[in-house]
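Both counts, for ligands and for their atoms, begin at 1 and track the order of listing.
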Amino acid sequence: MMTVILCLGSLSEAQSQPQLNLMPMPASVQTGTGQLLIKQSFSVQVTGARDASLDEEVQRFQTVLSRKTGMPLYPAPPAFASLLIHAEHRREVVQKLGEDESYELTVTPGGANLRAPNTLGILRGLQTFLQLVQITPDGFAVPAVTIKDQPRFPWRGTMIDVSRHFIPLDVLKRNLDAMAAVKMNVLHWHLSDDQGFRVESKKFPKLQEMGSDGMYYTQDEVRDLIGYARDRGIRVIPEFDMPGHATSWLVGYPELASAPGPYSIGRTIGVYDAAIDPTQERTYKFLEEFIAEMAKLFPDEYFHIGGDEVNGKQWSANPKIQAFMQAHGMKSNQDLQAYFNEHLEKIVAKNHKIMLGWDEVLHPDLPKTIVVQSWRGQASLAAAAKQGYSGLLSYGYYLDLMWSAARHYAVDPMADAAANLTPEETKRILGGESCMWAEWVTPENEDSHIWPRNAAIAERLWSPQNVTDVDSMYTRLNAVSLDLEWLGLTHRSAREQMLHRMAGTADISALRVLADVVEPVKEYNREDLTKAPISLQAPLTSLVDAVYPESDIARQFNNLVDRFLQSWRQDKGAEAQMRSWLTLWRDNDGKLQPLLGQSLLLREDLLLSQNLSVAGAVGLQALDYLDKGQSADNSQTAFDSPRAQETAFFAQADKPSANLLLMILAPVQKLVNVSAGSPPH
Ligand code: ACM
């Protein structure tokens with residue numbers, strides 16, 4: 001008995017250590033004693049290798065430190081530096097895949113020391129230091145700690161689609177800041193698709209002139225963004241999606257198409273039939289010139305050619321293409337696409353680039369140098385690795401599918417089919433990329449659709465594979481989320497503005513209560529629920545566009561319910577908290593209805609608001625029954641009617657309404673089930 005108590009004692013002691021708000025969690029962390037106070041005289045001294053991006057990073061570091069602490073800094077002379085920085089070598093001029101990003105950070109009450117083999121590692125270590133800064137009873141401080149850190153995967157990216165909705169440079173820049181804060185190192189820039197061609201080509205100006213509605217990046221802007229990313233240790237990979245997803249190219253250059261034009265920019269969500277014609281010489285002549293131009297503009301060694309979702313309809317319908325396929329012994333459209341990719345690969349290689357494509361490009365005729373980006377699962381990633389191809393995982397990291405951070409976090413590039421690879425095959429898995437497809441994002445809500453969830457994916461790709469504790473992840477994710485605001489991210493603040501727009505009033509407290517407990521429908525349900533073609537020009541100003549993809553309140557309420565039920569209903573603290581939430585929700589509809597009625601943008605949320613109130617009332621009644629130790633089975637319910645009606649309510653309220661899901665419904669139903677003498681689920 002004594003042993004058990006001692007064990008519990010030391011266990012809780014270990015848990016009561018202050019949580020280090022680090023994300024991604026470093027490879028090795030040893031906590032020390034005491035803390036380094038951050039004073040206004042905080043200063044940095046750099047010795048060893050330096051380059052312009054390091055000097056700028058140190059300045060940015062001081063700016064963010066000042067912002068985070070609210071203290072103007074008046075750095076002491078270098079001799080009294082609080083943080084010593086030393087790198088052995090300069091980083092590469094063009095950042096390379098696999099460049100050393102490791103660092104060691106030692107913090108004692110007397111000062112901090114950051115060392116790295118390469119200035120790139122210093123960039124990573126400075127972000128770690130910033131995350132460690134926290135308010136304490138003695139002021140801002142960094143706990144004494146020794147960190148030895150390096151990434152698990154060399155390729156940790158975010159793909160941003162700027163075709164479906166154009167995302168201006170300033171929004172991209174702040175997202176690069178956020179990526180750097182969580183040590184991501186690749187921006188994959190999805191620059192062309194059916195719905196827009198977003199880069200200036202001087203060789204083929206009709207690409208942007210006719211394919212973009214004037215919303216594209218000039219080459220100067222592209223260079224500016226690449227420099228901005230490089231300063232933060234982030235590579236920029238352009239994607240020009242072909243031969244499918246290519247309508248926007250064909251508006252200005254219909255002669256490249258597999259069916260007669262004219263073509264116009266895609267205005268609705270969906271995969272279009274338009275495909276580049278792989279059978280004609282002029283296609284390759286065009287691509288020779290175009291890729292040579294873009295290969296110069298984008299310095300990275302990798303070049304993404306898309307390759308996904310070619311539906312082949314235009315190829316099948318074109319007798320000339322069919323005859324070509326027959327003459328070349330091609331049996332399927334996949335064979336024709338492989339023929340196209342082989343040609344493309346030679347052009348890309350001639351420009352000293354490595355070709356990267358979505359997993360449809362995998363074909364035995366392609367050289368082993370290409371990299372396959374899997375959006376369809378670890379199976380295709382593993383298949384590629386077995387055949388000798390390098391690969392990246394994006395399946396499971398689609399931010400547009402509105403999954404929870406926990407669900408993304410559980411996806412590991414080396415899991416499932418990839419778990420049984422040989423060590424050599426394993427090395428071919430370079431990492432992964434989250435994907436922000438832009439059907440439902442605008443510059444306004446882009447940040448909130450990426451952050452903070454993207455930080456959980458960043459951790460999966462940086463931290464050791466055994467860092468998997470979900471509660472710890474959420475605690476640290478919340479800290480990161482607040483930190484991102486110091487970088488100018490609007491992932492939290494945009495919701496507030498959008499709610500004000502919808503309500504047209506200053507007081508949006510009741511609307512916020514509703515917004516806090518709903519989530520957008522998952523997967524592609526928003527497309528599925530909308531029967532008509534969905535215009536990309538329509539404003540995205542509904543509640544579903546404003547709310548966070550993941551409801552923290554609903555998750556916390558669900559945890560409360562579990563805690564309460566696991567305590568055999570003895571946890572009175574949990575019960576009191578549940579009651580105050582349920583009461584808030586029960587009474588909310590009365591406050592919100594007047595607001596909803598007077599706004600076209602909010603009218604569709606009437607049912608949702610009513611459902612929240614009913615759920616609150618039903619949950620309170622379930623707790624009353626449980627308190628009285630009486631089963632609700634044959635009793636009256638909140639409806640003053642038989643329990644069957646309650647069941648009908650849950651069935652109705654469980655359905656999406658205004659493209660939103662009421663996320664507190666499931667935990668309330670648990671309470672109701674237990675109060676009725678049934679199992680919670
Ligand atoms: C993709 O989602 N079509 C890459």
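T279 and D277 share a side-chain donor-acceptor pair at under 3.5 Å.
The main-chain N or O of H363 is found under 3.5 Å from a side-chain atom of Y389 such that the two form a donor-acceptor pair. Checked by atom type and distance alone, the side chain of Y548 pairs as donor or acceptor with a backbone atom of R492 at under 3.5 Å.
More than 12 heavy atoms of other residues, nucleotides or ligands shown are found within 6.0 angstrom of NZ on K368.
The only member of R235, K183, R156 that meets salt bridge (charged side-chain N to carboxylate O under 4.0 Å, His left out) when paired with E101 is R156.
Counting only residues at least two apart or on different chains, the salt bridge (charged side-chain N to carboxylate O under 4.0 Å, His left out) pairs with a member in residues 216-227 are K173-D224, D220-R223.
Residue-level contacts of ligand 1 at the 4.0 Å heavy-atom threshold are D308, E309, W358, W375, Y398, W437.
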